[in-house]
Amino acid sequence: MRYWLMKTEPTSYSIDDLAREGATSWTGVRNYQARNFMRDDMKVGDGVLFYHSSCPEPGIVGLAEVSDAAHPDPTQFDARSKYFDPASRPDAPRWVNVEIKLVRRTRLLPLEELRAYPELAAMPLLQRGNRLSITPVTAAEWRFLQKKLK
DNA sequence: GCCAACGTTGGC
DNA sequence: GCCAACGTTGGC
């Protein structure tokens, strides 16, 4: 059982969308490090911090969990998709996605507040220049955040 | 394999 | 809109 933080721009997919749908396919990831986390490490039942980025109030807005393991991302083969990858072949898919489902909404826990807790200082999200959309969360960070999100 | 150029991310 | 940071691309 591991824990993760997943970033999304709410203008493209928000906690409201997840609340309405209940679950979603995490398609469109086109970064090898993030793909490798999904492919190699993310298991059904893993905990997910759902984070809004590139918006007026960046921060954690919900808790989710992995509801299905990685499988080939269909958008890579769809020529009309913005995530189309002409170099990827169906017999050797380059990109995968997991599924996540909502556990519950939380209050907005702003980036600014995350930065203020020494207990969270090692989170990749908070490191300068970090852009990775999926990052691991330690068990200690997860427990700490559960209390802050009660 | 190096590395400059370019594109993207994301907070501010 | 700015810009720092980083990943990817492609010529050599």
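Below, chain A is the first sequence line, B the second, and so on; all start at residue 1.
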Novice: Can you figure out which of C/dC6, B/dG10, B/dC12 approaches the side chain of A/Arg131 most closely?
Specialist: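 For the A/Arg131 side chain, the nearest candidate turns out to be C/dC6.
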
Novice: Picking from C/dA5, C/dG7, B/dG11, which would you name as closest to the side chain of A/Arg128?
Specialist: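 Output: C/dA5.
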
Novice: Please check: side-chain N/O of A/His52 versus main-chain N/O of A/Leu108, any donor-acceptor pairing under 3.5 Å?
Specialist: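 Pair absent, no side-chain N/O of A/His52 close to backbone of A/Leu108.
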
Novice: Give a yes or no answer on whether the side chain of A/Asp73 reaches the backbone of A/Gly28 with a donor-acceptor pair at less than 3.5 Å.
Specialist: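 Yes, A/Asp73 side chain to A/Gly28 backbone: donor-acceptor pair under 3.5 Å.
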
Novice: For A/Tyr32 and C/dC6, is the shortest distance between a side-chain N/O and OP1 or OP2 below 4.0 Å?
Specialist: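 Indeed not, no polar side-chain atom of A/Tyr32 lies that close.
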
Novice: Quickly work out the A/Glu9 CD to B/dC12 C1' distance and round it to whole Å.
Specialist: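 So the CD-C1' distance, A/Glu9 to B/dC12, works out to 15 Å.
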
Novice: Check the pair A/Asp17, A/Arg20 against salt bridge (Lys or Arg N to Asp or Glu O under 4.0 Å), reporting the backbone distance first and the verdict last.
Specialist: CA-CA 5 Å; A/Asp17 296 317; A/Arg20 190 175 57 249; 2.8 Å; yes

Novice: Do the side chain of A/Thr135 and the main chain of A/Leu125 share a donor and acceptor less than 3.5 angstrom apart?
Specialist: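 Flag not set: sc A/Thr135 to bb A/Leu125 has no pair under 3.5 Å.
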
Novice: Let me know the distance between CG of A/Asn130 and P of B/dC12, rounded to the nearest Å.
Specialist: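 It works out to 13 Å between those atoms.
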
Novice: If I take atom CZ in residue A/Arg30 and atom P in nucleotide C/dC6, what distance separates them, rounded to the nearest angstrom?
Specialist: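 Taking atom P of C/dC6 as the reference, CZ of A/Arg30 is at 23 Å.
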
Novice: Whole angstroms only, please: what is the CG-P distance between A/Asp85 and C/dT8?
Specialist: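 In whole Å, C/dT8 P lies 12 Å from A/Asp85 CG.
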
Novice: Output the rounded distance in Å from CG (A/Leu5) to C1' (B/dG10).
Specialist: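 Rounding to the nearest Å, CG of A/Leu5 and C1' of B/dG10 are 14 Å apart.
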
